[in-house]
Amino acid sequence: QVQLVESGGGLVQAGGSLRLSCAASGRTLSSYTMGWFRQAPGKEREFVAAISWSGGSTYYADSVKGRFTISRDNAKITVYLHMNSLNPEDTAVYYCASSSRIGASNRTYWYDYWGQGTQVTVSS
């Protein structure tokens with residue numbers, strides 16, 4: 001079993017930055033692919049970014065490419081999402097997810113464990 005806990009969300013003005021963290025416990029995540037998803041009110045959960053177990057490969061949704069950066073610290077069993085140049089369209093609950101499968105995916109079903117989410121609100 002894996003437990004994921006997100007933190008770092010909050011209210012920020014457009015153009016600002018936030019760093020989300022996802023701390024894991026219960027089992028080592030050093031061999032897990034990690035992902036970030038988000039869900040805005042009335043919308044489906046959508047892929048944001050993913051990172052391979054080694055951190056050598058990263059993947060981004062087109063909507064965040066160049067603004068967001070995903071990284072991981074396997075020693076701390078933590079994954080980060082650095083978000084810059086935020087705009088109101090980035091407002092959502094952000095979820096961390098993990099998968100023991102090899103590779104990466106932007107599909108929710110590919111991931112085995114999910115955190116409870118952290119709210120990010122960007123004001124205009």
Side-chain angles (χ1 to χ4, degrees):
Q1 192 74 6
V2 173
Q3 293 82 42
L4 304 174
V5 179
E6 302 95 334
S7 61
L11 174 64
V12 63
Q13 288 188 332
S17 300
L18 281 176
R19 187 185 77 164
L20 305 183
S21 300
C22 173
S25 62
R27 185 178 290 184
T28 179
L29 283 185
S30 61
S31 61
Y32 281 51
T33 294
M34 302 297 296
W36 285 97
F37 287 74
R38 65 186 182 186
Q39 188 166 17
K43 294 187 177 181
E44 293 188 354
R45 192 168 298 189
E46 65 174 2
F47 172 76
V48 175
I51 187 167
S52 63
W53 67 271
S54 67
S57 297
T58 56
Y59 311 86
Y60 297 94
D62 288 342
S63 59
V64 306
K65 202 171 294 182
R67 300 188 298 123
F68 291 11
T69 302
I70 188 171
S71 62
R72 67 190 296 163
D73 185 337
N74 285 342
K76 296 182 178 179
I77 322 178
T78 301
V79 177
Y80 304 98
L81 186 67
H82 305 258
M83 305 186 295
N84 297 319
S85 302
L86 286 162
N87 58 63
E89 289 70 40
D90 296 316
T91 295
V93 177
Y94 283 71
Y95 297 90
C96 173
S98 68
S99 174
S100 59
R101 297 172 175 82
I102 297 174
S105 175
N106 60 0
R107 303 302 181 110
T108 57
Y109 66 75
W110 198 78
Y111 294 84
D112 306 306
Y113 299 100
W114 294 82
Q116 83 291 346
T118 185
Q119 176 70 46
V120 172
T121 303
V122 184
S123 63
S124 58

Rounded to the nearest 0.5 Å, what's the gap from [atom1] on [X] to [atom2] on [Y]? Could you check?
X: Ser105; Y: Tyr59; atom1: OG; atom2: OH; value: 10.5 Å
X: Cys22; Y: Arg72; atom1: SG; atom2: CZ; value: 10.0 Å
X: Gln13; Y: Ser124; atom1: CD; atom2: OG; value: 9.5 Å
X: Ser57; Y: Ile70; atom1: OG; atom2: CD1; value: 11.5 Å

Those residues that, when tested against Glu89, pass side-chain contact (heavy atoms from CB on, under 4.5 Å) (two or more places apart): Asn87
Per the side-chain contact (heavy atoms from CB on, under 4.5 Å) rule, which among Tyr94, Trp114, Trp36 passes with Glu6? Trp36
Side chain to side chain, [X] and [Y], heavy atoms closer than 4.5 Å:
X: Leu86; Y: Phe68; value: yes
X: Trp53; Y: Tyr32; value: no
X: Thr69; Y: Tyr60; value: yes

Please test Met34 against Leu4 for side-chain contact (heavy atoms from CB on, under 4.5 Å), starting from the C-alpha separation and ending with a verdict. CA-CA 11 Å; Met34 302 297 296; Leu4 304 174; 4.1 Å; yes
What residues, two or more places apart in sequence or in another chain, satisfy salt bridge (charged side-chain N to carboxylate O under 4.0 Å, His left out) together with [X]?
X: Lys65; value: Asp62
X: Glu46; value: Arg38
X: Arg67; value: Asp90

Is there a donor-acceptor pair closer than 3.5 Å between any side-chain N or O of Thr33 and the backbone N or O of Gly103? yes
Exam field: side chain Thr91 to backbone Val122, donor-acceptor pair closer than 3.5 Å: yes
Exercise: identify the closest heavy-atom pair between [X] and [Y]:
X: Val120; Y: Leu20; value: CG2-CD2, 4.0 Å
X: Leu18; Y: Gly8; value: CD2-O, 3.8 Å
X: Leu11; Y: Ser123; value: CD1-CB, 4.3 Å

With salt bridge (charged side-chain N to carboxylate O under 4.0 Å, His left out) as the rule and sequence neighbours excluded, what pairs involving residues 106-124 come up? Arg101-Asp112
Mind listing the side-chain donor-acceptor pairs of residues 77-84 below 3.5 Å, one per line with the distance, residues two or more places apart or on another chain?
from  : atom 1 : to    : atom 2 : distance (Å)
Thr78 : OG1    : Lys76 : O      : 2.9
His82 : NE2    : Ser71 : OG     : 3.4
Asn84 : OD1    : Ser17 : OG     : 2.9

Evaluate the ring-ring contact (aromatic ring centres under 6.0 Å, His included) criterion for residues Tyr111 and Phe37: first the C-alpha distance (whole Å), next the side-chain angles of each, then the deciding distance (0.1 Å), finally the verdict. CA-CA 11 Å; Tyr111 294 84; Phe37 287 74; 5.2 Å; yes
Any link between Tyr109 and Tyr113 through a network of hydrophobic side chains (Ile, Leu, Val, Met, Phe, Trp, Tyr) touching at under 4.5 Å? no
